[in-house]
Every structure is written in structure tokens, then in C-alpha cells.
Number of protein chains: 2
Amino acid sequence: MRIRTPIDLGALIRERRKALGLDQKTLAEKVGVSRQWIVDVEQGKPRLEIGLVLRTANALGIALTVDKPTEGTSLAQPVILDSIIDAARKRRK
Amino acid sequence: MRIRTPIDLGALIRERRKALGLDQKTLAEKVGVSRQWIVDVEQGKPRLEIGLVLRTANALGIALTVDKPTEGTSLAQPVILDSIIDAARKRRK
DNA sequence: ATATAATGTCATCGTTCGCTGACATTGGGA
DNA sequence: TCCCAATGTCAGCGAACGATGACATTATAT
């Protein structure tokens, strides 16, 4: 399933939360945000923090992935991506 | 490749921007944000707006997808969820 | 039908955002 | 080597966030 908008992601978070048998209060406690925030993200509010959104997705076992560019394009190989990410993490610290 | 944090996504955005031969100013104009915002997202700032982040990814042709849970399996196991959440809490503090 | 749980909605407040513009530093082409 | 492009960094400001708590509405269990 393709994620294009905050509404797409919010609907997925709600679906997965219900599939896991959790209510909004329980998920909020597990993620470490307010229940109001869970309401907001499930409703697809566009101005929420990307860090909290990714954390919520991770907490629900939602694996966001990016497809590799199709063969023939000149984009970077996976190993280069990994080193870029490693470098970014080092800069963060 | 798996996107877990704003830094993961920021590094990917920068890599794809360069692969497309764009500079920060050009991408900013294409997305409709400031160049400062592009600097921020590439550096993995966690508190940026999810709506702008997704719009930037879309503008670069980055397709974010979510794998469906395999048929017959129950979703993520509770113990795995708990450890992920515990890790998230430790990072937040 | 009733009671409780879950969700939706709203307001307040301290904090941070995104834009803008300027300036410093680094990268890259000639 | 030089010059310009690209990127990094910084500050001020109006607007919105996330937490909190309360209340209304809907869903669900009995």
C-alpha cells in the first residue's frame, strides 16, 4: 500500500491499532504521547511531527519502506544509501 | 530500504535529490517550501511537519510503501511491540 | 434499556515551527 | 588559483503544535 498523504498514514495507523486490539488511550501510553495526539494522527493532520509519526508507526509494527529505483536508472546503489545513513547518524551525535 | 527515523528519511531525500541533479533551492521551489526547510529535513529534524515531508518525498519520486501483514499471521507480537516502545521512551527522555 | 468504554471535540499555554533574509563556509567549475 | 554556486548557520516573528483536562457523542457489553 502506497503512502502519499498524512490521511493515508493516519488511516493505516488506525487500522493497525484496531487489528492489534488496542484503544487510543493504550496506544498513546505505549508510544508516550497524548490520546489527543493519537486522535490527530489518525485523522490525518498534516502538521504533526514526523518523528512522532514514525515512532507511532514503528510501535505498531508498521514497516515503512522505499522501493529501489527501477533498473537502468542512475540512482545510488543500496550500499551507498547505507553509508549515507550511517554518516547522518554520526552527524546527529 | 526501511525508514525508521527522520534521519533515515532525510538522508534518502538528500541522496535522491542529488541523484536527480537538483540543488536545495530548486527542490524547495518545486515543493513550495523554503530552502531552510530543505536543509532541515535533510538533516533529519524530528519535529517537521509530516505533510511537508510526504510532499517532498512525492516531489522526488520517493514511493513510501507499507507491506501488508502476511496472510494467516497475527500482527506483530506483543513482546516485540513492548521492546520497541521501551526503546522509543528511552530515546525521548 | 442501561451503563461503561471508546472516541470526538474543544480551550489553554509554553514551546517550536516555517518563512525570510543575511552572512559564513564549503564545493566545484573554469 | 579564482570565482561563483551550493550549502550551512543564525535570528526574528506570526502561527500552530502537543500536553492536559474537560465534556459531548457514539459504540459496545450486559
Side-chain angles (χ1 to χ4, degrees), chain A residues 5-60 62 74-76 80-81 83-93, chain B residues 5-60 62 75 78 81 85 88-93:
Chain A
T5 67
I7 290 182
D8 292 342
L9 195 42
L12 179 66
I13 285 174
R14 178 190 292 261
E15 176 193 348
R16 191 63 63 89
R17 173 177 64 80
K18 284 177 178 286
L20 291 170
L22 302 173
D23 62 22
Q24 289 176 336
K25 180 182 176 216
T26 304
L27 177 59
E29 285 168 356
K30 286 178 184 293
V31 176
V33 294
S34 64
R35 183 177 72 80
Q36 180 62 51
W37 195 89
I38 297 297
V39 170
D40 288 342
V41 72
E42 288 187 352
Q43 291 180 351
K45 280 189 70 180
R47 300 190 62 177
L48 298 179
E49 292 182 18
I50 178 67
L52 291 182
V53 174
L54 288 174
R55 198 158 91 206
T56 304
N58 292 336
L60 288 165
I62 293 172
S74 62
L75 296 177
I80 297 173
L81 284 173
S83 61
I84 287 166
I85 287 165
D86 286 345
R89 284 194 171 121
K90 284 170 184 166
R91 279 207 300 278
R92 180 113 189 264
K93 290 171 182 176
Chain B
T5 67
I7 288 185
D8 293 343
L9 195 43
L12 179 66
I13 284 173
R14 177 189 293 260
E15 191 282 326
R16 190 65 63 89
R17 173 177 64 79
K18 286 178 178 287
L20 292 171
L22 303 172
D23 62 24
Q24 289 176 336
K25 177 172 178 252
T26 305
L27 178 58
E29 286 167 355
K30 183 171 181 175
V31 176
V33 294
S34 65
R35 182 177 73 82
Q36 180 63 51
W37 195 88
I38 298 296
V39 171
D40 289 342
V41 72
E42 289 187 351
Q43 291 180 352
K45 280 189 70 182
R47 300 191 62 175
L48 298 179
E49 293 180 18
I50 178 66
L52 292 180
V53 174
L54 289 174
R55 199 159 93 206
T56 304
N58 292 338
L60 287 165
I62 293 173
L75 299 170
L81 281 173
I85 287 160
R89 277 204 179 107
K90 284 170 185 166
R91 283 201 297 277
R92 182 131 193 244
K93 287 172 181 173

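This structure is a prediction, so every number in the text was calculated from the model and none was measured. When reading the values below, keep in mind they use all heavy atoms of this one structure, side chains included, and skip hydrogens, waters and symmetry mates.
Atoms NZ (A/Lys25) and P (D/dG21) sit 13 Å apart, rounded to a whole Å. Distance, B/Leu22 CG to D/dA5 P: 17 Å, rounded to whole Å. Counting to the nearest Å, the C1' atom of D/dA29 and the CG atom of A/Asp23 are 15 Å from each other. Here the P atom of nucleotide D/dA5 and the CD atom of B/Glu29 are 14 Å apart, to the nearest Å. Following rounding to the nearest Å, A/Ile50 (CD1) and D/dG18 (P) show an atom-to-atom distance of 12 Å. Between B/Glu42 atom CD and C/dT26 atom P there is a gap of 18 Å when expressed in whole angstrom units.
Of the side-chain N and O atoms in B/Arg14, none sit less than 4.0 angstrom from OP1 or OP2 of D/dA6. Between B/Arg17 and the phosphate of D/dA6, there is no side-chain N or O to OP1/OP2 separation shorter than 4.0 Å.
With rounding to the nearest 0.5 angstrom, the NZ atom of A/Lys18 is 9.5 Å from the CG atom of A/Asp23. Between the CD atom in A/Glu42 and the OG1 atom in A/Thr56 there is a gap of 9.5 Å [rounded to 0.5 Å]. Here the CG atom belonging to B/Leu54 is positioned 11.5 Å from the CD1 atom belonging to A/Ile7, to the nearest 0.5 angstrom. Between atom CD1 of residue A/Ile62 and atom CZ of residue A/Arg16 there is a gap of 5.0 Å, rounded to the nearest 0.5 Å. Remark: A/Arg35 CZ to A/Thr26 OG1 distance equals 11.0 Å, nearest 0.5 Å.
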Per-nucleotide protein contact along nucleotides 15-20 of chain C, 5' to 3', at a 4.0 Å heavy-atom cut-off (B base, S sugar-phosphate only, - neither), is -SSSSB

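Exactly one of A/Val33, A/Ile13, A/Leu27, A/Leu52 qualifies for a side-chain contact (heavy atoms from CB on, under 4.5 Å) with A/Val41. That residue is A/Ile13.
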